[in-house]
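What follows is one structure encoded as structure tokens, with my remarks underneath.
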Protein chains: 2
Amino acid sequence: MVNYPNGRSRPYQHAPKKEKSLTELSVTKKRADKLKSSVAFGKRGMNFEAEINATNEYYLSHGMAVIHKKPTPIQIVKVDYPRRSRAKITEAYFRQASTTDYSGVYKGRYIDFEAKETHQKTVFPLKNFHEHQIVHMSNVLAQAGIAFVLLHFATLDETYLLPSSYLIKFYREKQGLKSIPIDYIREKGYKIETHQIPRIPYLEIVNKLCEVN
Amino acid sequence: MVNYPNGRSRPYQHAPKKEKSLTELSVTKKRADKLKSSVAFGKRGMNFEAEINATNEYYLSHGMAVIHKKPTPIQIVKVDYPRRSRAKITEAYFRQASTTDYSGVYKGRYIDFEAKETHQKTVFPLKNFHEHQIVHMSNVLAQAGIAFVLLHFATLDETYLLPSSYLIKFYREKQGLKSIPIDYIREKGYKIETHQIPRIPYLEIVNKLCEVN
């Protein structure tokens, strides 16, 4: 694997939460442009989610894995059916996801993960994970799926893969705590070297996990 | 496995295509009611998609598999952020799915499928499947995932599991044909006995497929 210099001179731009779905959209639309620019310009200012999507594109196009982000769940209230044109949704709301954002297949195995980032430097806030996501991860593990979270510390510019088992354990045992200390993540998780192509090469860690299991 | 009498006195009610997402929504909301009524009233008039969702609920609640329907992909154009209330989407459109509708994990293996129904009696129209879904299924098979389609002939009240490999083969080799003859589906696929709980017990067929592979 060739290592590329890190073209970034500043942390990932953090898209405002409200615009998440719009960001996601433009990501899908501009896929081709992005893949091109990823080589040419080193993805300056690309946000964490976009880098993961680009990584998944890389894995897909190289026949290494099939991992997709699920569409954002939307609660539709009103739809118009104008004549001679397609259905138009005129009232809808964002819904909370009942599962994790990413899933797919790698060498026959089921892969399931959630990706989150924080600007904190010493802890990762637990509010990033909802109870039903924790339950979903437990269900996946019970079915022998591979489940983890990708945690990005934007200010430190460090990214970790933490197996879901450790997240669940911490979440269940430390209900009183509002965040996971970075030391726990460093001890139980795996640091991902992001200065290469693909940018978030999490499958290298998954290989290790499969050997361990 | 206990067999229950088929409480249905007429074919599945076919929800109009335009309202698919609204149907899906109410399905999610009324989950509890539905699971209850499924036992009490034999799900009269329940549509095919709802029966699959109920089957997946059954598998999940019995710890047998974790399979979810992906949210309908929506292209968001305009969002309002009214004060003191949540974001309201005021213009959006349905997008074509780039993958299949259902995916999840069963005994560590990745499961991926699409479910479609027709009112035809002798053929299944190929227009139900888009080129990129065929590509997606090929990608999943290349990663050793388990991929198939569930085909429901509403008028005949017959449901088949057809491994994606045969759908892809037919789709690629018979580009001129607009539909798959039911004989091909009966020869290459597996009939699912739907007169029981869960209603579409496709995992029984998946077990056979895993033994074959």
Side-chain angles (χ1 to χ4, degrees), chain A residues 17-22 24-25 28-29 59-61 63-81 85-95 97-100 103-112 136-147 213, chain B residues 17-22 24-25 28-29 59-61 63-81 85-95 97-99 103-112 135-147 213:
Chain A
K17 196 157 188 187
K18 282 176 178 176
E19 291 169 17
K20 192 181 165 192
S21 298
L22 295 169
E24 188 196 323
L25 263 175
T28 311
K29 276 186 192 167
Y59 286 148
L60 183 64
S61 63
M64 294 168 72
V66 183
I67 318 270
H68 287 282
K69 186 175 189 296
K70 289 173 200 160
T72 304
I74 306 280
Q75 182 183 3
I76 298 162
V77 177
K78 246 185 242 170
V79 184
D80 274 359
Y81 301 99
S85 59
R86 61 181 174 155
K88 180 181 173 182
I89 299 159
T90 55
E91 186 181 351
Y93 300 92
F94 294 103
R95 285 165 59 204
S98 57
T99 64
T100 44
S103 67
V105 56
Y106 173 58
K107 295 181 183 171
R109 299 291 300 272
Y110 176 76
I111 302 278
D112 190 293
H136 172 71
M137 288 177 197
S138 304
N139 290 338
V140 168
L141 290 177
Q143 276 300 319
I146 296 166
N213 287 345
Chain B
K17 197 157 188 187
K18 280 176 178 177
E19 291 168 19
K20 190 180 165 191
S21 299
L22 294 170
E24 188 196 324
L25 263 176
T28 312
K29 277 186 191 167
Y59 286 149
L60 183 64
S61 63
M64 295 168 70
V66 183
I67 319 271
H68 287 282
K69 184 174 191 295
K70 290 174 200 160
T72 305
I74 305 281
Q75 182 183 3
I76 297 161
V77 177
K78 247 186 243 170
V79 184
D80 274 359
Y81 300 99
S85 59
R86 60 182 175 155
K88 179 181 175 181
I89 299 161
T90 55
E91 187 182 350
Y93 301 92
F94 295 103
R95 285 165 59 205
S98 57
T99 63
S103 66
V105 57
Y106 173 57
K107 295 180 183 173
R109 300 290 302 272
Y110 177 77
I111 302 279
D112 190 294
V135 169
H136 172 71
M137 289 176 197
S138 304
N139 289 338
V140 168
L141 290 177
Q143 276 301 318
I146 296 166
N213 285 345

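Here is how names work: the chains are called A, B, and so on, in the same order as the sequence lines, proteins then strands, and each is numbered from 1.
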**Request:** I would like to know whether A:His136 and B:His68 meet side-chain contact (heavy atoms from CB on, under 4.5 Å); could you show each step before the answer?
**Result:** CA-CA 11 Å; A:His136 172 71; B:His68 287 282; 3.9 Å; yes
**Message:** Nearest 0.5 angstrom please: B:Arg109 CZ to A:Gln143 CD, how far?
**Reply:** 13.0 Å
**Item:** Atom pair NZ/OG1 of B:Lys70 and A:Thr99 - distance to nearest 0.5 Å
**Value:** 10.5 Å
**Request:** Using the side-chain contact (heavy atoms from CB on, under 4.5 Å) rule, take B:Ile74 and A:Ile89 through it: C-alpha gap first, then chi angles, then the decisive distance, then the call.
**Result:** CA-CA 9 Å; B:Ile74 305 281; A:Ile89 299 159; 3.7 Å; yes
Specify which of [options] makes the most heavy-atom pairs with chain A at under 4.5 Å.
{"options": "B:Gly104, B:Ala97, B:Gly145, B:Ser98", "result": "B:Gly104"}
{"options": "B:Ile111, B:Val105, B:Asp112, B:Asp80", "result": "B:Val105"}
{"options": "B:Gly108, B:Ala142, B:Ala144", "result": "B:Gly108"}

Closest heavy-atom contact between [X] and [Y]?
{"X": "B:Ala87", "Y": "A:Tyr93", "result": "O-CD2, 3.3 Å"}
{"X": "B:Ser103", "Y": "A:Ser103", "result": "OG-OG, 4.1 Å"}
{"X": "A:Val140", "Y": "B:Val66", "result": "N-CG2, 4.1 Å"}
{"X": "B:Pro73", "Y": "A:Pro71", "result": "CA-CB, 3.9 Å"}

**Item:** Proximal component of B:Ala92, with respect to chain A [non-hydrogen, under 4.5 Å]
**Value:** both
**Message:** Heavy-atom cut-off 4.5 Å, strictly under: side chain, backbone, both or neither for A:Thr90 against chain B?
**Reply:** both
